[in-house]
Structure formats: C-alpha cells, structure tokens
J.: 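Sending over a structure as structure tokens; questions will come in a sec.
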Amino acid sequence: MTKEAQFKVAHGGCMRGEVTMPGDKSVSHRSVLFGGIAEGTTEVDNFLESEDCLATLGAMRAMGVQIERPGPGRVIVDGVGLHGLKAPTHPLDMGNAGTAMRLSMGLMAGQAFDATLIGDPSLSKRPMERAATPLRQMGAVIETTGGRPPVTVRGGQSLHGIEYALEVASAQVKSAILIAGLYAEGTTVVHEPAVTRDHTERMLRAFGVPVKTEGGRIELSGGHTLKGTRLTVPGDISSSAFFVVAGLLAAESGFLIRNVGINPTRTGILDILALMGADIRVINRRLAGDEPVADLEVHRTELRGIDVPEHLVPLAIDEFPILFVAAAFAKGTTRVTGAEELRVKESDRIAVMAEGLRHLGADATPTPDGMIIHGGGMHGGRVTSHGDHRIAMSFAIAALRASGDIEIGDVANVATSFPGFAGLARGAGLAIDETR
Ligand code: S3P
C-alpha cells in the first residue's frame, strides 16, 4: 500500500446525474463468514470487493474454505459446516478491518485449533477486550496484546451460553457473542444499550438459524446448522452518505443515488440530515434479499445546525466524518454528544476531523464525546486523513463548497471500504484527482 496516495480536489463544481452504490461492507463480511461455516453452497451477489471484506474472505480461505469469485461482485462459498474449518498455517491478517477481527474472535472461540489475528497499524491500536471479555465468560481462552491486536484465540474449549449486557452499543461485539453462541451449549442472550445494526441477526435467519429479537434483547441457541443460501448484498448506506451530502451541498438538480441499503438500524444519517432540513426523497423502495433498499433523490439544500439526538448516534456511527462537513456548511450550530466511540474507529475521528476542519478555517471544537461546529464554511488547504478512509472521502466532498482547493494526504485506505470512490465521484461532477 502506498502511503503517499493523495486526493487533489478542485473547489466548486456540482453533482449531477446518478450513481449506483457498491455493496455494503458489514453485510459482505458476514456473507463469507457465515457462508464458510454453512453446509452447502452460498452464492453472493454484489459482494463489496474492498480490502476489508477481502480480508475476511482471505481468512476463510486460509481455514480451508473454497471460495470462487466468478465475476464482479459474485462470490460462491463452498461451506464446510460449523466444525469443518482447518487450522490456518499463519496468523490471519485482518488488515484495517475491525469487523473482520472482532467477528472472527467469536468464530475462532468455537474452533478446535488455535489462531492468531493480526492487523495493520490502525487496527493494532483498537480495543479488543470489549469482545474478549464476554467470549471468555462463555469459556473461550483469548489473549490480547495489552487489550489490542495481535489476538490469540486458543481452540478446543467448550463454550456455554451466557446472558450479557453490552457496555458499548457495538454491533461487532454483539455479533462476536452471537457467532460464539452458535458453538455454545445452551442459550446465548445479548442485551444492547441502544439499537445497533442487525445484519448478523437477519443473515443468521436467512441461513436457517432461529434468532429471537425483542426490544434490545437478542437470543439464539447453540448447535443449529447453517444452510447455504443465496444472498444479495444491498448497497452501502455508509458509502452513499458521501454522495448524499455532496448532493445537499451541490446538486445541480435532483441527484440520484441508486441501490442504497435502508435497513432501519443504519438510517440514522438520513434522520439527522432530515432534522437539518435536508431534501432527500426515498424512492423505489424494494428488498435485496433480507435487507430493504431504495434509491435516494437528493436536492441541494441550505442545511441548518442542530443538536444531534443521542439515540441516533449508533445508527449513524460511521457517518460522523461527513456529517461534520455538512455541519460546517450549515447555518447555525451543530452539537454532537454521546459519540465517544468515534475516538476508537479507524482513527480518532473526533480529533482528526476537528484538526482538519480547523486547518481549513472551519469553526469546530472537539469535545470528549463529540464536536461543536458553528457553520460558516471553510477555505482550501492540505489535510491528512491519518489513513482513515472515511476522513479522506469526507474532505474530498468538502471541496464542493470550500472557497479553495483541498488536498488530502494518505488516502490509500479508501480502498478498504470504497475502491471506486474517486472515479464515481469524478463521473458525477467532483473535480477529484488521485495521485500516487
Ligand atoms: C460494524 C459495526 C460498527 C461500525 C463498523 C461496522 C459491523 O462498529 O462502526 O464500521 O459491521 O458490525 P462497532 O461495533 O465498533 O460500533
């Protein structure tokens, strides 16, 4: 990976026509993980071929799962069953992907062999005890490195179900526990303090595993066989958020974003932008497998600042970098609170966004759990993404309304979630160049 990759984005321009969103990252990870431990074949359409999801795919291959990729977005997984994985011959490299690592911790807890999970410098700084702690209560033996990766999971343990109240609203931790629950004796119950994305629950049901959900309580029991199935991955609402805000800042007329997953556990960004006055029309609602999708027609809007309701934070957790950009161009003040989780994402997204916004002249003040932004726009300049894909894409979109050009350093990791971003954005009107 070249650290020097950068975006140069000329200011101004407008968004026009339409773009189609690539597959959802969270759903793609789960499709190959569950496909791998299912019995029979799982066929996946619109799989996101990003570095993060390919890390999960590579880990499953390294444990003996045959996976074919016959065409763009097509993946065929020859499942080996719950107990058919083989010991990997080397540490499993999860790259930049927190989802790959934490879900795999749950998976490895139930295996007969040991495995070590490693990651890139960013992932190696992220907290893993939040997943290790409940898994240990289930009987797993897990060693972290001062709470972080590398993580070694010792195989051959017998797991038992637990009832566990999550300390943080984290879909990754919830999923790790539920996946270990597949291997556990008895019933596993997770209580979440706020609603988080429910792709694991939905997909396990698609594989034939009964999962009960009632309010914030999720329950499954061990020993069920996953049956291979057909999955269509919905478009990624987190990727679409960059284009939604781009359209709000600078749509020529109705700018159309096609194939956006609108699972209600992911649509916090649409609710927050609506409170800011955004003109976003959700049209052509339909289903992609077990997940709802729609097209979004976005009209240029002068947004207004708001106090972001805290219950929407977990439902928009990956969208705050681009939301901060939207707030910087809004009229009035936007306050984000209750979002301290942003500090342990691919970068410290509160610190890194505040640094970049302030460098570009925006009035942004970081707080321990969020940010206060007084709208008023920004000028051009050079910022760094600190290797964080969503920071890089957010500052690229900011150029639409900044008074000068914006250069963003260290953008190679955009490929972890959205490999075609620059080309797609250029085609729709953003004056972006990627140089290496
Ligand atoms: C994800 C859950 C979220 C999110 C991440 C993907 C998932 O992380 O930020 O990008 O696929 O389960 P947390 O569980 O840490 O909130």
Side-chain angles (χ1 to χ4, degrees), residues 29-30 32-39 56 59-60 62-65 79-88 91-92 94 98-117 127-145 147 149-168 170-192 196 198-201 203-205 207-213 216-227:
H29 278 299
R30 287 158 172 81
V32 285
L33 196 151
F34 294 147
I37 56 170
E39 288 187 357
T56 298
M60 296 309 286
M63 291 187 285
V65 180
V80 295
L82 269 184
H83 300 286
L85 295 177
K86 296 199 175 66
L92 299 173
M94 302 306 180
T99 307
M101 182 158 298
R102 296 199 182 106
L103 268 57
S104 297
M105 286 169 69
L107 177 65
M108 303 324 300
Q111 305 307 316
F113 49 82
D114 296 357
T116 296
L117 314 174
M128 295 299 145
E129 283 297 325
R130 52 178 58 193
T133 301
L135 294 172
R136 286 190 197 110
Q137 288 184 18
M138 299 177 80
V141 176
I142 300 181
E143 295 145 27
T144 66
T145 310
V151 174
T152 297
V153 186
R154 303 278 170 209
Q157 317 300 324
S158 45
L159 304 183
H160 51 84
I162 54 167
E163 180 148 3
Y164 190 80
L166 296 179
E167 278 168 25
V168 282
S170 164
Q172 291 177 0
V173 177
K174 169 177 69 176
S175 301
I177 299 169
L178 293 175
I179 293 166
L182 295 170
Y183 290 89
E185 205 185 302
T187 303
T188 296
V189 178
V190 181
H191 296 271
E192 48 183 12
T196 70
D198 66 355
H199 305 300
T200 294
E201 298 91 306
M203 201 183 284
L204 282 175
R205 287 187 198 112
F207 278 97
V209 177
V211 182
K212 277 192 230 156
T213 306
R217 180 183 190 279
I218 303 108
E219 176 185 325
L220 62 66
S221 52
H224 289 285
T225 303
L226 282 72
K227 292 180 204 71

J.: Any chance you could measure Glu201, atom CD, to Glu219, atom CD, to the nearest 0.5 Å?
T.: 12.5 Å
J.: Any side-chain heavy-atom pair from Thr196 and Leu166 closer than 4.5 angstrom?
T.: no
J.: Mind checking whether Ser175 and Arg30 have side chains closer than 4.5 Å, heavy atoms only?
T.: yes
J.: Measure the shortest side-chain to side-chain distance between Met138 and Tyr183 over non-hydrogen atoms and say whether it is less than 4.5 angstrom.
T.: no
J.: Do Met63 and Met108 have side-chain heavy atoms sitting under 4.5 Å apart?
T.: yes
J.: Can you find a pair of side-chain heavy atoms, one from Leu159 and one from Thr188, that are under 4.5 Å apart?
T.: no
J.: Please examine the side chains of Ile37 and Phe207, heavy atoms only from C-beta on, and report whether any two atoms are closer than 4.5 Å.
T.: no
J.: Compare every heavy atom of Ala131 with every heavy atom of Met105, then report the nearest pair and how far apart it is.
T.: CE-CB, 3.9 Å
J.: If you take all heavy atoms of Ala184 and Gly161, which pair is closest and at what distance?
T.: CB-N, 3.7 Å
J.: Whether the Lys174 and Thr200 side chains hold a donor-acceptor pair (N or O, under 3.5 Å, no angle test) is what I'd like checked.
T.: no
J.: Please name the pair of heavy atoms, one in Gln111 and one in Leu82, separated by the smallest distance, quoted to 0.1 Å.
T.: OE1-O, 4.1 Å
J.: Would you find more than 12 non-hydrogen atoms of other residues, nucleotides or ligands less than 6.0 Å from Glu185 atom CD?
T.: no
J.: May I ask you to test the His224-Pro210 pair for a side-chain heavy-atom distance under 4.5 Å?
T.: yes
J.: Rounded to the nearest 0.5 Å, what's the gap from NZ on Lys212 to OG1 on Thr187? Could you check?
T.: 7.5 Å
J.: Do Arg102 and Ser170 have a side chain donor and acceptor closer than 3.5 Å?
T.: no
J.: Check whether any side-chain heavy atom of Met60 lies under 4.5 Å from a side-chain heavy atom of Leu107, and answer yes or no.
T.: yes
J.: What closest approach, in Å, do Ala180 and Leu135 show between heavy atoms, and which atom pair accounts for it?
T.: CB-CD2, 3.5 Å
J.: Give, for atom CE of Met128 and atom CD of Glu143, the distance between the pair rounded to the nearest 0.5 Å.
T.: 15.5 Å
J.: Could you go through the side-chain hydrogen bond (donor to acceptor under 3.5 Å, both in side chains) check for Thr116 and Thr152 one step at a time?
T.: CA-CA 4 Å; Thr116 296; Thr152 297; 2.9 Å; yes
J.: Taking Arg205 for its side chain and Val211 for its backbone only, find out whether a donor-acceptor pair lies under 3.5 Å.
T.: yes
J.: Nearest 0.5 angstrom please: Ile142 CD1 to Gln157 CD, how far?
T.: 9.5 Å
J.: Under 3.5 Å, is there a donor on one side chain and an acceptor on the other for Thr144 and Glu129?
T.: yes
J.: Measure the spacing between CD1 of Ile177 and OG1 of Thr133 and express it to the nearest 0.5 Å.
T.: 9.5 Å
J.: Please report the closest heavy-atom contact between Ser104 and Met94, naming both atoms and the distance.
T.: OG-CE, 3.4 Å
J.: For Leu226 and Leu204, run side-chain contact (heavy atoms from CB on, under 4.5 Å): C-alpha distance rounded to whole Å, both residues' side-chain angles, the deciding distance at 0.1 Å, then the answer.
T.: CA-CA 8 Å; Leu226 282 72; Leu204 282 175; 4.1 Å; yes
J.: Rounded to the nearest 0.5 Å, how far does CG of Leu178 lie from CG of Leu103?
T.: 9.5 Å
J.: Applying the side chain to side chain contact (heavy atoms under 4.5 Å, CB included) test to Met101, which of Leu117, Leu92, Thr56 qualifies?
T.: Leu117
